[in-house]
**Q** 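Before I ask anything, here is the structure I am working with.
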Protein chains: 2
Amino acid sequence: MNTLPLETTLTDWLNRLQESGYRSTDRCEAIARVILSSQRALDPVEIFDAARAEIPGLGLVTVYRTLQKLEELGLIQRLHQEEGCRRVLPAVKGHQHFLVCSSCGMVRYFEGDNLAPLFEEITRQTGFAIQNHWLQLFGLCPACRAASA
Amino acid sequence: MNTLPLETTLTDWLNRLQESGYRSTDRCEAIARVILSSQRALDPVEIFDAARAEIPGLGLVTVYRTLQKLEELGLIQRLHQEEGCRRVLPAVKGHQHFLVCSSCGMVRYFEGDNLAPLFEEITRQTGFAIQNHWLQLFGLCPACRAASA
DNA sequence: TTTAAAATGAAAATGATTTTCATTTTCGAG
DNA sequence: CTCGAAAATGAAAATCATTTTCATTTTAAA
């Protein structure tokens with residue numbers, strides 16, 4: 001897999017943090033790198049464990065604090081699942097949504113949803129003025145699909 | 001508002017519980033009634049407070065235990081929101097989804113989403129075999145829309 | 001009726017997250 | 001560079017939601 005997008009995004013994240021008055025630290029960078037290089041959504045303890053490979057003295061509290069900053073800046077978001085809503089992912093941009101593999105947990109982003117006609121229909125039916133929507137899809141990723149066949 | 005659907009559903013819920021080997025108690029019925037008669041999604045403490053109007057000695061633990069049963073039977077589901085995922089609602093049926101008012105919290109169910117074409121497009125783009133989806137809409141209900149105008 | 005299984009409330013336990021606090025680190029001003 | 005104020009850090013304690021334990025009560029079916 002090409003690592004360029006990761007490097008680019010990591011730099012973007014670090015810039016965004018700095019612009020917002022946060023200071024640049026090894027811990028923050030390690031945590032950001034863990035989140036950005038994962039194919040799955042990770043929970044705070046998973047991030048903690050992965051980041052400690054790089055920063056042995058890291059505290060779990062720092063993970064929580066860094067997640068707060070990243071979430072505040074809209075760089076990450078939670079993945080809501082039946083099992084819980086603790087895992088985080090790089091946030092979707094614009095009209096992206098994500099697709100979660102129900103077998104391995106891998107997440108894939110996709111573009112474009114034209115839900116406008118559905119929303120018009122709903123407004124007609126209910127009188128609600130729709131402002132926002134969450135669409136989350138679960139399915140089998142190509143690898144798990146192949147493995148289960 | 002017509003109370004017939006509420007009575008019907010309450011009876012359905014109590015039957016479902018009984019069929020599953022759970023016993024019929026005043027607390028369970030009070031909790032079910034609170035959930036079914038609310039226009040909003042409620043969290044365990046809100047349910048507790050409302051149900052204590054009817055059953056003064058009720059314990060919060062009983063609310064949690066009853067919610068587990070109702071969730072296990074698929075009668076309620078959690079409402080996932082930015083602020084948290086603690087509130088519950090009567091579960092949607094079949095292809096229903098719900099619409100949450102971002103001002104007053106009122107929830108309205110609606111039918112019918114034809115997302116099949118979107119899913120086909122996504123399968124083509126990503127190779128994922130889609131099994132399941134969550135669609136949640138946020139907007140202003142007619143009353144809040146009128147109030148804000 | 002009787003009785004075994006289920007339900008209950010109170011208190012304790014658990015698990016996740018946040019706060020506090022003393023210490024260390026970052027970074028901009030000089 | 002070097003200083004110092006602001007921010008970041010880790011450890012321990014605090015908080016908050018939820019679950020478990022346990023002794024007692026209630027339900028429902030024989």
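FYI, side chains are in, hydrogens and waters are out, and symmetry mates aren't considered; it's all heavy atoms of this structure. In what follows, chains are A, B, ... by sequence order, proteins preceding strands, each numbered from 1. Note that the structure is a prediction, hence the values are computed from the model and not measured.
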**Q** Can you find a side chain N or O atom of A:Lys69 that sits less than 4.0 Å from OP1 or OP2 on D:dA8?
**A**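 True: A:Lys69 side-chain N/O within range (under 4.0 Å) of D:dA8 OP1/OP2.
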**Q** Rounded to whole angstroms, how far apart are CG on B:Leu58 and P on D:dT26?
**A**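 In whole Å, D:dT26 P and B:Leu58 CG are 15 Å from each other.
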**Q** A:Glu46 and salt bridge (Lys or Arg N to Asp or Glu O under 4.0 Å): which single residue from A:Arg87, A:Arg52, A:Arg86 fits?
**A**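 Testing each of A:Arg87, A:Arg52, A:Arg86 against A:Glu46, the sole residue satisfying salt bridge (Lys or Arg N to Asp or Glu O under 4.0 Å) is A:Arg87.
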**Q** Quick one: A:Ile47 CD1 to C:dA16 P, roughly how many Å, whole number?
**A**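 These atoms are roughly 14 Å apart.
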**Q** Give me the ring orientation class for B:His95 and B:His133: parallel if the planes are under 30° apart, tilted from 30 to 60°, perpendicular past 60°.
**A**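 Rings of B:His95 and B:His133: perpendicular, over 60°.
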**Q** Would you confirm whether B:Thr123, through its side chain, and B:Ala129, through its main-chain N or O, come within 3.5 Å as a donor-acceptor pair?
**A**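 Pair absent, no side-chain N/O of B:Thr123 close to backbone of B:Ala129.
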**Q** Taking ILVMFWY side chains as joined if any heavy atoms are under 4.5 angstrom apart, and letting links pass through other members, which residues group with A:Phe98?
**A**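 Other cluster members: A:Leu79, A:Leu89, A:Val92, A:Val100, A:Val107, A:Tyr109, A:Phe138, B:Trp134.
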**Q** Could you go step by step and tell me if A:Arg78 and B:Glu82 meet the salt bridge (charged side-chain N to carboxylate O under 4.0 Å, His left out) rule?
**A** CA-CA 9 Å; A:Arg78 279 161 194 286; B:Glu82 302 281 358; over 6 Å; no
**Q** In degrees, rounded to 10°, what is the bend between the two ends of the helix from C:dT1-D:dA30 to C:dG30-D:dC1, using five pairs at each?
**A**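 So the angle between the two local helix axes works out to 30°.
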**Q** Please give me every residue in residues 29-36 of chain B whose heavy atoms get under 4.0 Å of an atom in DNA chain C, ordered by residue number.
**A**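 Close to the strand, none.
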**Q** So if I define the base as every atom that isn't primed, P, OP1 or OP2, how would nucleotides 17-30 of chain C read as a B/S/- string at a heavy-atom cutoff under 4.0 Å?
**A** SBBB-----BS---
**Q** Regarding B:Glu121 and B:Gln125, do their side chains bring together a donor and an acceptor under 3.5 Å, going by distance alone?
**A**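 Yes, a side-chain donor-acceptor pair sits under 3.5 Å.
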**Q** B:Leu17 has an atom CG; how far is it from atom C1' of C:dA7, in whole Å?
**A**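 Taking atom C1' of C:dA7 as the reference, CG of B:Leu17 is at 13 Å.
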**Q** Could you tell me the separation between the CG atom of B:Asp49 and the C1' atom of D:dA17, rounded to a whole number of Å?
**A**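 My rounded result for the distance is 15 Å.
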**Q** Roughly, in whole Å, what's the span from CD in A:Glu19 to P in D:dA7?
**A**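 To the nearest whole Å, that distance equals 17 Å.
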**Q** Report the distance from atom SG of A:Cys104 to atom CD of A:Gln39, rounding to the nearest 0.5 Å.
**A**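 Here the rounded value is 8.5 Å.
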**Q** For the pair made of CG in B:Leu42 and C1' in D:dA17, what is the distance, rounded to whole Å?
**A**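 For the pair B:Leu42 CG and D:dA17 C1', the rounded distance is 17 Å.
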**Q** Is it true that a side-chain atom of A:Ser148 and a backbone atom of A:Arg145 form a donor plus acceptor pair closer than 3.5 Å?
**A**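 Yes.
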**Q** Name all pairs fulfilling the side chain to side chain donor-acceptor pair (under 3.5 Å) condition that reach into residues 25-37 of chain A, sequence neighbours left out, sorted by first residue then second.
**A**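 For residues 25-37 of chain A: A:Glu29-A:Arg33, A:Arg33-A:Glu54.
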**Q** Mind checking who shares a hydrophobic cluster with A:Val61, ILVMFWY linked at side-chain heavy-atom distances under 4.5 Å?
**A**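 Besides A:Val61, the cluster holds no residue at all.
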**Q** Does some side-chain heavy atom of B:Leu17 sit less than 4.5 Å from a side-chain heavy atom of B:Leu70?
**A**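 Of all side-chain heavy-atom pairs linking B:Leu17 with B:Leu70, at least one is under 4.5 Å.
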**Q** B:Asp43 CG to D:dC16 P: how many Å, rounded?
**A**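 To the nearest whole Å, that distance equals 14 Å.
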